[in-house]
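Hydrogens, waters and symmetry mates play no part in the numbers below; they use all other heavy atoms, side chains included.
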Amino acid sequence: MTELAAVKAALRTQAVETPSWAYGNSGTRFKVFAQAGVPRDPFEKLDDAAKVHEFTGVAPTVALHIPWDRVDDYAALAAHAEDRGVRIGAVNSNTFQDDDYRLGSICHPDAAVRRKAVDHLLECVGIMDATGSRDLKLWFADGTNYPGQDDIRSRQDRLAEGLAEVYERLGEGQRMLLEYKLFEPAFYTTDVPDWGTAYAHCLKLGAKAQVVVDTGHHAPGTNIEFIVATLLREGKLGGFDFNSRFYADDDLMVGAADPFQLFRIMYEVVRGGGFSSDVAFMLDQCHNIEAKIPAIIRSVMNVQEATAKALLVDAGALAAAQAAGDVLEANAVLMDAYDTDVRPLLREVREEMGLDPEPMKAYRACGWGEKVVAERVGGRQAGWGA
């Protein structure tokens with residue numbers, strides 16, 4: 001197989017998971033801007049996700065968020081997904097939108113509140129069983145706002161205890177993916193603030209526990225590709241939540257703020273074997289002012305472009321320059337790949353997959369957006385808390 005053929009083959013196997021909540025209404029803490037035609041229930045979210053997969057060919061799974069996507073029959077929801085040509089992906093828990101969690105959830109000083117939070121996580125594992133989901137994704141808003149508010153070490157003990165109970169409930173082939181976030185909504189301490197804390201807990205739990213890297217959850221200037229390389233080296237990178245940030249956790253389209261960073265991350269994924277492993281490439285974005293489905297299609301395409309450039313890095317030339325200590329040549333090898341216009345290559349790949357080479361144009365021409373605006377009248381639009 002030629003080098004170019006190998007790159008094309010790798011791109012054809014890529015899978016980017018889209019989040020159900022990105023298809024609903026979202027906004028900032030100031031305002032949620034409603035859009036006509038957005039889904040009214042999880043079934044309609046899956047319908048929209050299926051359109052993204054139809055035109056990109058690489059978005060076969062959809063992440064759920066509980067309770068936002070709670071239904072009476074999860075087997076029926078999974079069957080609906082299969083009927084539409086997609087599958088249920090990660091199940092995301094929610095321990096941040098209940099009044100009981102004002103002082104935390106799994107780390108709360110009150111045992112009764114901790115019990116409630118753990119029971120919710122166990123409920124999510126049950127949903128995984130019913131839908132065939134592989135991944136339980138955990139993010140905790142737990143933390144404190146003031147020095148002395150609670151005991152930092154005790155909160156870590158509570159976290160470890162709760163995670164251990166949920167870990168033991170996981171079935172064969174299921175994983176726990178632990179996400180970290182630098183700050184917000186807690187401002188003094190966050191109980192899982194960085195990759196080191198998440199890694200320490202996952203290491204203690206066992207092989208089924210791995211770390212999720214959300215590209216928006218870092219301080220300015222953080223070298224995210226170093227984190228990725230280290231977690232891959234340790235076999236503890238479970239997946240990504242791809243999005244972009246300018247200031248904090250902005251949840252913008254992946255690659256919008258710093259496409260070069262996305263390329264650097266994807267190079268480390270390729271270099272570390274993550275592209276051919278079980279690393280989950282997930283989007284975690286909120287499309288507040290732009291149309292939902294086109295924005296998600298664009299995000300998937302941005303991931304594809306960064307991946308294609310990473311696959312085009314001349315590994316032999318790079319290794320030779322590094323071994324020779326040729327700083328400028330080593331950097332030039334990376335930059336040559338980054339500066340390559342991979343759009344013609346991706347158009348070829350899509351045509352070879354039987355897809356339209358221009359997903360955005362194809363979606364706009366299909367009439368789906370106009371169809372759902374006309375049909376999704378009445379009921380309650382899905383959004384934060386729905």
Side-chain angles (χ1 to χ4, degrees), residues 7-24 26 38-39 45-64 81 84-90 135 212-216 239-244 250-259 261-263 265-266 269-270 274-275 279-288 290-311 341-366 368-369:
V7 169
K8 285 184 174 182
L11 289 169
R12 284 194 293 270
T13 65
Q14 186 169 32
V16 180
E17 183 163 300
T18 69
S20 67
W21 55 94
Y23 297 98
S26 60
V38 302
K45 292 178 183 179
L46 291 174
D47 293 341
D48 285 357
K51 286 296 172 183
V52 174
H53 183 48
E54 177 183 338
F55 291 106
T56 65
V58 294
T61 58
V62 187
L64 299 183
R84 297 300 186 271
V86 293
R87 304 185 310 278
I88 302 300
D135 296 331
V212 168
V213 175
D214 185 306
T215 52
F240 288 95
D241 272 357
F242 280 130
N243 54 67
S244 285
D250 302 335
D251 276 344
L252 300 173
M253 292 188 301
V254 59
D258 190 348
Q261 180 191 66
L262 181 60
F263 160 75
I265 290 170
M266 290 310 301
V269 170
V270 172
F275 190 66
V279 175
F281 301 98
M282 301 174 283
L283 303 180
D284 180 13
Q285 304 174 171
C286 290
H287 304 292
N288 302 335
E290 65 271 31
K292 312 292 181 180
I293 298 176
I296 298 171
I297 291 174
R298 171 57 62 192
S299 292
V300 172
M301 293 173 66
N302 288 349
V303 174
Q304 287 182 297
E305 290 179 16
T307 303
K309 293 181 178 186
L311 289 165
D341 184 356
V342 296
R343 292 174 297 178
L345 170 64
L346 285 165
R347 284 194 286 267
E348 287 182 23
V349 170
R350 293 184 188 111
E351 288 180 326
E352 291 169 3
M353 294 173 66
L355 302 171
D356 191 292
E358 298 286 353
M360 292 288 284
K361 292 180 181 178
Y363 171 73
R364 290 194 179 104
C366 80
W368 181 259

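- When all heavy atoms of P259 and A257 are compared, the closest pair comes out as CD-C, 3.9 Å.
- Across every non-hydrogen atom of L46 and A81, the tightest pair is CD1-CB, 3.9 Å.
- A side-chain donor-acceptor contact under 3.5 Å links D214 and N243.
- Contact record, T13 with F275: OG1-CE2, 4.3 Å, taken as the closest heavy-atom pair.
- The line from NZ of K51 to OG1 of T18 is 14.0 Å long, rounded to the nearest 0.5 Å.
- With rounding to the nearest 0.5 Å, the separation of CG in L345 from CD in Q304 is 10.0 Å.
- Annotation: the span from T56 atom OG1 to D356 atom CG amounts to 12.0 Å, rounded to 0.5 Å.
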Just distance, no hydrogens or angles: give the donor-acceptor pairs under 3.5 Å from side chains in residues 358-365, sequence neighbours left out.
residue	atom	partner	partner atom	Å
E358	OE2	R347	NH1	3.4

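- The shortest non-hydrogen separation linking V254 to S299 is CG1-O, 3.4 Å.
- With rounding to the nearest 0.5 Å, the separation of CE in M253 from CD in E290 is 5.5 Å.
- What you find for V52 and I293 is that their closest heavy atoms are CG2-CG2, 3.9 Å.
- By the ring-ring contact (aromatic ring centres under 6.0 Å, His included) test, F242 is found to be paired with F240, residues two or more places apart in sequence or in another chain being considered.
- Looking at heavy atoms from C-beta onward, M301 lies in side-chain contact with R350 at the 4.5 angstrom threshold.
- Side chain of Q285 to main chain of A22: no donor-acceptor pair is present (N/O by atom type, distance under 3.5 Å, no hydrogens or angles).
- Distance alone, capped at 3.5 Å, places no donor-acceptor pair between the T61 side chain and the I88 backbone.
- Looking at every heavy atom in both residues, L11 comes nearest to V58 through O-CG1, 4.1 Å.
- Although no hydrogens or angles enter the test, the distance criterion places a donor-acceptor pair under 3.5 Å between the side chain of K292 and the main chain of H287.
- Atom CG of N302 and atom OG1 of T307 lie 10.5 Å apart (nearest 0.5 Å).
- Rounding to the nearest 0.5 Å gives a distance of 7.5 Å between CG of D341 and NZ of K309.
- Evaluation of the salt bridge (charged side-chain N to carboxylate O under 4.0 Å, His left out) test over residues 10-19, restricted to residues two or more places apart or in two chains, returns R12-E352.
- S244 places a side-chain N or O within 3.5 Å of a backbone atom of G255 that can act as its donor or acceptor partner.
- Inter-residue side-chain proximity for V212 and D135 is flagged as unmet; no heavy-atom pair is nearer than 4.5 Å.
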